There are 2 protein chains.
Amino acid sequence: MSDEHGPQGRATMQHVATLAGVSLKTVSRVVNGEPGVSDELAARVRDAVQRLGYRHNLAASNLRRGRRTASIGVLVQDLGNDYCAELLRAVEARARTRGVVVISASLDEEPEREHELVTGLVERRIDGLILMPATDDQGYLMPEVHAGLAVVVVDRAPRGIALDAVVSDNRAGAANAVRHLSSFGHRRIGFLGDDPVIPTASERLVGYREALADLGLPEDAGLVRTAVRSEAEVGAAVREMLALPDPPTALFTARNVLTVGAVRALRDLTVRHAVALVGFDDFPTADLLDPGVTCVKQAVLTEGELAIDLLLSRMDGHQGPVRSEVVPTTLVPRGSGEIRPG
Amino acid sequence: MSDEHGPQGRATMQHVATLAGVSLKTVSRVVNGEPGVSDELAARVRDAVQRLGYRHNLAASNLRRGRRTASIGVLVQDLGNDYCAELLRAVEARARTRGVVVISASLDEEPEREHELVTGLVERRIDGLILMPATDDQGYLMPEVHAGLAVVVVDRAPRGIALDAVVSDNRAGAANAVRHLSSFGHRRIGFLGDDPVIPTASERLVGYREALADLGLPEDAGLVRTAVRSEAEVGAAVREMLALPDPPTALFTARNVLTVGAVRALRDLTVRHAVALVGFDDFPTADLLDPGVTCVKQAVLTEGELAIDLLLSRMDGHQGPVRSEVVPTTLVPRGSGEIRPG
DNA sequence: TTGTAAGCGTTATCAC
DNA sequence: GTGATAACGCTTACAA
């Protein structure tokens, strides 16, 4: 509460020891709650700690102990995205119970950032890493894993290296969306997705195609738009697709941002009750829109919990072979996906 | 890429030096890009670094250098909330340009967690802290600030200590919402807000009351509901309020989660086009709902940038008096706030 | 250009 | 019980 020391710099154990009139080691014992210190000295030490505003220096402590830093990194594409934010929350909750702090950052699909951030985190000696990769090869992590870094990849399957992973069943989820639309009579279903270099985007496209093939529906190249990145771009894509001579009667959007953009476009075109829509990845107000937006919901909470559990087990020394969890999705019908062709 | 060392433990500079056949100091020079090392030795060192998978240990480096850790903490209420997530993104973007990593966590309005997390971060010797307080007194930060920790408080004014702060103009924003509704003929405007121990909640309530007084409208205790915490609770509150003998013709919800809950309730009651609604704090699909939801929008990006700029300036040694930024809000009319009384 | 010594704040070892 | 001393991995002086 007081200020025995200057406005700059922290008191060290030595300062505390001097003020308390004891040795450095005694302070260390008190601070670490080790037994074998008389009540009187312990009290003197605690008093000095208070007066100096002493705070234990974990960096120095870990350096000497050779212990872990009790910190993990979580690298996702965009902390502003609901999927990523929820994932982080799930990880954080579980990490806190272990006294582990979470260093998080967004990659924005930039491989460069992934490299930079991983380097920064490794130099800070994080104990574990949960990664939603922006690179198309995570082989560069090999030395880190070898040196004892625990790594779990989420949302996208790891490439170029065998790592524990947690992913949604993207193919099955996408295929299910198409089958759902087909069951309501649609035969011309448009696909709007991200750049297929992003594994989830390509998996969802594969699922779309598989379902079309299964259903005996022809694939029309004009109804497939990939590399649609933003809400603005998806609006233009929807407009173009619906202006085709033989337009689709239903749309499947492969990411939540694209779904919202498509809803906006359909509303502007006043066809929101005429063109069916199913989106991959849920979003908070999907049920409040008119019509409600039918979504393929990912079990984000489950994925986050699986990821942190896998990570913690590795951090605890688990040495077994790589584990891969594929988490099923659920289709939530809300109206937009149950519109019949006009 | 190779594994000269075991699956546990990291190579140190000494290992590199031995393998390269040079002194420890030479390795240090190469790793830190200091001049004055012959090309040949530098190459030998780099080769050894590669082979051993050596990574610079920032903790040890900082310990000796007495330098900063190039890390900051960001403690918000809920990383899943759009306001918090956007704030974090803004902070993160700016921090990255300075090589500063961000350790983030959610407090969920629990003072205990704030204390725990701050302690953990201080023990890790973060250079700065951006805090959305869950405590009603941040005086406990005094010794940390004194010891050189840079702190900026966001969203809620600091209490019990003078700190740099960035807050929305909650009173003016709330008052503006009420005036807006009044200008459309409403005289009975319901208030739904959080627990008034939360400063933003009480400020918004004050703004509501001030506007009523200014407009010469009577305040009806039955139209004011505080301590509404969740989406579920707000639904019940809306139902009760609208069941009153003399129900409100308009609602003002003081937080985005409550706004969404109110929209859901109004829809379920099939009065969404009959009862006006203005919400404090914008949310992503507010324009897509039917009617669009009129919101008092906070300049989150601006707030985040101001916060990190204030923090960085303190971290750079700025010693001036405490600065307090009050960021204006904007009312965005979208339909729900322009409904006239029935 | 390269290497040696000491020390950053802490803890482990082993004496007193 | 308590305290000297060395050491963790690194960088700053200062020599060579």
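Treat the numbers as computed from the prediction; the structure is a model and nothing was measured. Just so it is clear: chains get the letters A, B, ... in the order the sequence lines come, proteins before strands, and each one is counted from 1.
- Residue-level contact check: B:G36 touches the bases, meaning some heavy atom is under 4.0 Å from a base atom.
- Taking 3.5 Å as the limit, the base of C:dG7 and the side chain of B:R65 contain no donor-acceptor pair of atoms between them.
- Taking only side-chain nitrogens and oxygens, B:T26 never comes nearer than 4.0 Å to OP1 or OP2 of C:dT1.
- Phosphate proximity of C:dT4 to B:S23: absent, as no side-chain N or O sits under 4.0 Å from OP1 or OP2.
- Within the 4.0 Å cut-off from OP1 or OP2 of D:dT11, at least one side-chain nitrogen or oxygen of B:N32 is found.
- Side-chain contact annotation: B:S106 with A:E92, donor-acceptor N/O pair under 3.5 Å present.
- Between the side chain of A:R64 and the base of D:dG9 there is no donor-acceptor pair of N/O atoms closer than 3.5 Å.
- Taking a cutoff of 4.0 Å between a charged side-chain nitrogen and a carboxylate oxygen, A:D136 and A:R159 do not qualify as a salt bridge.
- Between D:dT11 and B:S28, a contact under 4.0 Å exists linking OP1 or OP2 to a side-chain N or O.
- Residue-level contact check: B:L41 touches the backbone only, with heavy atoms under 4.0 Å from sugar-phosphate atoms and none from bases.
- Contact annotation: B:T12 does not reach the phosphate of D:dG9 (side-chain N/O to OP1 or OP2, under 4.0 Å).
- Aromatic ring centres of B:H15 and B:Y54: separated by at least 6.0 Å.
- When atom types are taken as modelled, the side chain of B:D127 and the backbone of B:I72 share no donor-acceptor pair closer than 3.5 angstrom.
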